[in-house]
Amino acid sequence: MRGNRRYAAGIVIADQGFEEYVQRLVRAGAVGLVHIWGSAEEALHEETVGPVWGTPVPDDLALYPSLPVISVTHHQGQLLLDIIDKQNQPVLAKISTTLNEHVASCSLPVLEIPGETDEYVLLSSHYDSWHQGMTDNATGNALCLAVAAHFHHQSQLKRGLRIAWWPGHSNARYGGSAWYADRYRQSLQQHCVAHINVDSPGCKGATEVVVNASGAENIAFLQRAVLQITGKEIRRITPLGKGGDQSFWGCGIPLHFAFREEAEIRTSQSPGSGGGWWWHTEEDTLNKVDEAILWRDCQIHIGWLNELLYQEQLPVDPAHYLRKLLEELDNLQSSLDAQFDLSEIREKLMSLEQQISAMNNGNWTPEFNVINQLVGVLHRVRYSSTDDFHYDRSYRGGAFPGLQILREQRQQTTSPLTFLAMTTQYVRQRDRALSLLTLSQVLLKGS
């Protein structure tokens with residue numbers, strides 16, 4: 001908002017419309033939100049503001065927002081702000097939205113190609129879309145179908161391939177994948193070795209390959225298929241965020257990664273569709289698909305799967321993962337009040353790193369073994385803040401998410417009540433991490 005005027009709670013005009021921000025507005029008593037899009041395209045972008053991950057439990061129901069939220073283009077937003085700036089008194093406005101809240105049954109197609117063992121790789125894409133949704137995510141659905149056809153005609157796989165097409169990605173906030181994790185948890189815990197999510201491949205202009213990876217994947221493995229198909233290395237490998245149907249952190253799966261792509265030069269704020277300005281708009285049509293890029297992306301996925309489905313040894317690199325966790329922990333500590341000391345967690349991580357370094361020089365046995373179990377526990381520390389049977393909110397990402405809320409919360413600038421709540425959060429999340437890391441040490445000692 002512009003200026004320094006103070007009014008009673010009303011309609012808020014802001015350059016953000018994220019779930020956490022909407023929750024803050026509800027608590028503050030706002031009656032509506034006008035979200036101004038940040039880049040210059042004229043297309044209107046759809047988005048979801050509910051913070052509940054997947055199907056709710058009773059305690060979640062109160063978190064669904066009760067205020068109307070609308071989006072306007074950057075140009076429209078500037079015109080609106082100019083009107084308000086010229087007034088010497090509060091501006092009266094009215095916004096309204098239509099909310100369709102209901103329980104629905106959805107199809108969740110799953111294809112299985114068996115392997116020699118009970119282990120399998122889960123490949124997934126969401127099929128629900130905004131408007132035509134050609135690049136988000138019809139192209140992903142097509143890629144998964146092509147992969148299914150390819151491996152259906154191959155010789156006997158060592159590991160099986162399971163492909164799922166998720167409903168409820170946007171409006172149910174990853175409802176399909178969360179439902180699947182709830183219903184097939186034992187199978188996922190005992191047999192699934194990797195989850196690869198496919199969202200928005202084959203986008204016009206998206207020449208650069210980006211990968212979101214959990215951190216436990218061997219970097220040479222991720223690079224190999226991309227180098228072979230494109231002749232170039234991956235532009236950027238970054239940790240997975242809060243999205244992409246990552247509903248499986250409590251299932252102990254060791255490998256989680258997702259292919260992404262972007263234009264050489266970014267021109268839009270769009271987080272999907274390869275950075276294309278048409279993301280989540282009526283303009284996500286067939287002419288936004290580049291078939292050559294989609295074929296490139298399909299070949300890369302087949303390259304990854306060839307290794308995962310046929311090779312004896314999984315491309316897991318726990319030593320690299322632990323080093324990254326230490327870096328992320330140090331980064332988090334630098335932004336915390338001195339009372340929120342993470343040194344005990346750091347000592348546990350260093351001890352685990354030393355144990356890993358002393359084991360077999362990194363030559364892990366091929367079975368679904370203790371190293372894979374260890375990595376599954378580390379994922380719980382790095383990516384979740386709750387137990388294995390519940391889901392975090394769809395916001396507040398970053399490493400050690402249960403501690404992220406403590407960033408910049410200083411005792412001298414925070415009310416006693418708020419700081420007491422933050423201290424309680426710190427103690428519980430610290431001890432949760434220490435408990436899981438102790439379990440990791442026990443796993444290694446017993447190997």
Side-chain angles (χ1 to χ4, degrees), residues 16 18-21 24 210-219 222 234-244 246 249 254-258 260 262 266 271 316-357 374-386 392-414 418-419 421-441:
Q16 58 176 305
F18 301 114
E19 306 98 301
E20 183 177 19
Y21 185 66
R24 289 166 56 195
V210 177
V211 173
N212 297 148
S214 72
E217 295 76 18
N218 181 283
I219 299 300
L222 293 175
I234 297 168
R235 188 182 210 185
R236 187 172 64 255
I237 300 175
T238 57
L240 289 154
K242 285 292 185 72
Q246 298 298 330
W249 297 121
L255 301 176
H256 300 253
F257 58 97
R260 297 289 183 262
E262 62 188 16
R266 192 179 182 91
V316 180
D317 190 347
H320 172 263
Y321 194 18
L322 284 163
R323 288 192 294 273
K324 296 299 292 183
L325 287 174
L326 283 164
E327 291 175 12
E328 291 174 318
L329 188 76
D330 289 344
N331 175 271
L332 176 61
Q333 181 70 84
S334 68
S335 67
L336 302 185
D337 189 285
Q339 296 180 57
F340 301 145
D341 181 15
L342 306 180
S343 59
E344 288 183 85
I345 299 176
R346 193 178 203 287
E347 289 169 7
K348 289 279 191 182
L349 288 171
M350 291 180 66
S351 176
L352 278 168
E353 186 182 20
Q354 291 166 3
Q355 285 180 270
I356 287 289
S357 298
L374 165 70
V375 169
V377 175
L378 293 179
H379 287 331
R380 295 178 175 100
V381 177
R382 198 285 181 203
Y383 284 99
S384 70
S385 68
T386 185
D392 286 325
R393 305 293 174 233
S394 61
Y395 54 81
R396 196 174 297 120
F400 313 98
L403 296 166
Q404 289 288 332
I405 193 175
L406 306 177
R407 282 187 179 272
E408 310 306 336
Q409 298 290 334
R410 312 293 179 184
Q411 185 171 19
Q412 61 269 29
T413 58
T414 306
T418 298
F419 198 74
M422 292 296 173
T423 302
T424 305
Q425 177 78 4
Y426 157 70
V427 170
R428 292 177 182 175
Q429 288 298 315
R430 178 202 61 194
D431 290 353
R432 175 183 179 272
L434 290 173
S435 177
L436 288 168
L437 293 174
T438 298
L439 173 61
S440 300
Q441 290 177 313

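Computation of the quantities below employed the complete heavy-atom set of this structure, encompassing side-chain atoms and omitting hydrogens, waters and symmetry-equivalent molecules.
Not counting sequence neighbours, the partners of Asp431 by the side-chain contact (heavy atoms from CB on, under 4.5 Å) test are Val427, Leu434.
When every heavy atom of Val377 is checked against every heavy atom of Leu436, the shortest pair comes out as CG1-O, 3.4 Å. Shown here for Gln409 and Thr418, the closest heavy-atom pair between the two residues is OE1-CG2, 4.4 Å. Of all the heavy atoms in Leu332 and Ala399, the pair that sits closest is CD2-O, 4.4 Å. Scanning both residues, Pro239 and Glu328, for their nearest heavy atoms gives CG-OE2, 3.8 Å. Scanning both residues, Ile356 and Leu322, for their nearest heavy atoms gives CG1-CD1, 3.9 Å. Scanning both residues, Thr438 and Lys348, for their nearest heavy atoms gives OG1-NZ, 2.9 Å.
Atom CZ of Arg266 sits in a crowded spot, with more than 12 heavy atoms from other residues, nucleotides or ligands closer than 6.0 Å. Within 6.0 Å of the CZ atom in Arg410, the count of heavy atoms belonging to other residues, nucleotides or ligands exceeds 12. The environment of Lys242 atom NZ is dense: over 12 non-hydrogen atoms of other residues, nucleotides or ligands sit within 6.0 angstrom.
Contact check for Pro318 versus Val316: side-chain heavy atoms found under the 4.5 Å cut-off. Using a 4.5 Å heavy-atom cutoff, the side chains of Val211 and Arg260 are not in contact. Two residues are said to be in side-chain contact when any heavy atoms from C-beta on lie closer than 4.5 Å; Glu19 and Arg393 fail this criterion. Contact of the Asp337 side chain with the Thr414 side chain is not registered, since no non-hydrogen atoms from C-beta on lie closer than 4.5 Å.
Side-chain contact of Ser351 with Gln441: a donor-acceptor pair under 3.5 Å is present, judged by distance alone. For Arg407 and Gln404, the side-chain atoms include at least one donor-acceptor pair closer than 3.5 Å. A side-chain donor-acceptor contact under 3.5 Å links Ser214 and Glu217. No hydrogens or angles considered: a donor-acceptor pair under 3.5 Å links the side chains of Ser385 and Asp392. Counting only N and O atoms by type, the side chains of Thr238 and Asn212 include a donor and acceptor under 3.5 Å apart.
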Check your understanding: After noting the C-alpha distance and the side-chain angles of Leu352 and Leu378, does the key distance pass the side chain to side chain contact (heavy atoms under 4.5 Å, CB included) rule?
Key -> CA-CA 10 Å; Leu352 278 168; Leu378 293 179; 4.3 Å; yes
Exercise for review: Apply side-chain hydrogen bond (donor to acceptor under 3.5 Å, both in side chains) to the pair Arg428 and Thr423, showing each step before the final yes or no.
Suggested key: CA-CA 9 Å; Arg428 292 177 182 175; Thr423 302; over 6 Å; no
Practice item. Under the side chain to side chain contact (heavy atoms under 4.5 Å, CB included) rule, what do Arg430 and Leu342 come out as? Steps first, then yes or no, please. Key: CA-CA 7 Å; Arg430 178 202 61 194; Leu342 306 180; 5.5 Å; no
Practice item. Test Leu222 against Phe257 for side chain to side chain contact (heavy atoms under 4.5 Å, CB included), laying out the working first. Key: CA-CA 9 Å; Leu222 293 175; Phe257 58 97; 4.0 Å; yes
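The aromatic rings of Trp249 and Tyr383 sit parallel, their planes meeting at an angle under 30°, below the 60° perpendicular limit.
Note that CD of Glu327 and CG of Leu349 are 12.0 Å apart. Values are rounded to the nearest 0.5 Å. Here the straight-line distance linking atom CG of Leu437 with atom CD of Glu347 works out to 11.5 Å at 0.5 Å rounding. Atoms OG and CD, from Ser343 and Gln333 in turn, are 7.5 Å apart once rounded to the nearest 0.5 Å. A distance of 8.5 Å separates OG1 of Thr386 from CD of Gln429, quoted to the nearest 0.5 Å. For the atom pair NE2 (His379) and CG (Leu325), the distance works out to 9.5 Å, reported to the nearest 0.5 Å. The distance from the CZ atom of Arg432 to the CD1 atom of Ile345 is 10.5 Å, given to the nearest 0.5 Å.
Not a single donor-acceptor pair under 3.5 Å links the side chain of Gln339 to the backbone N or O of Gln411. When atom types are taken as modelled, the side chain of His256 and the backbone of Gln246 share no donor-acceptor pair closer than 3.5 angstrom. The main-chain N or O of Gly402 is found under 3.5 Å from a side-chain atom of Gln425 such that the two form a donor-acceptor pair.
Ion pairing between Asp330 and Arg346 holds under the 4.0 Å rule for side-chain N and carboxylate O. Using a cutoff of 4.0 Å between basic side-chain nitrogens and carboxylate oxygens, Arg235 and Glu262 are scored as salt-bridged.
The distance between the ring centers of Tyr426 and Phe419 does not fall below 6.0 angstrom.
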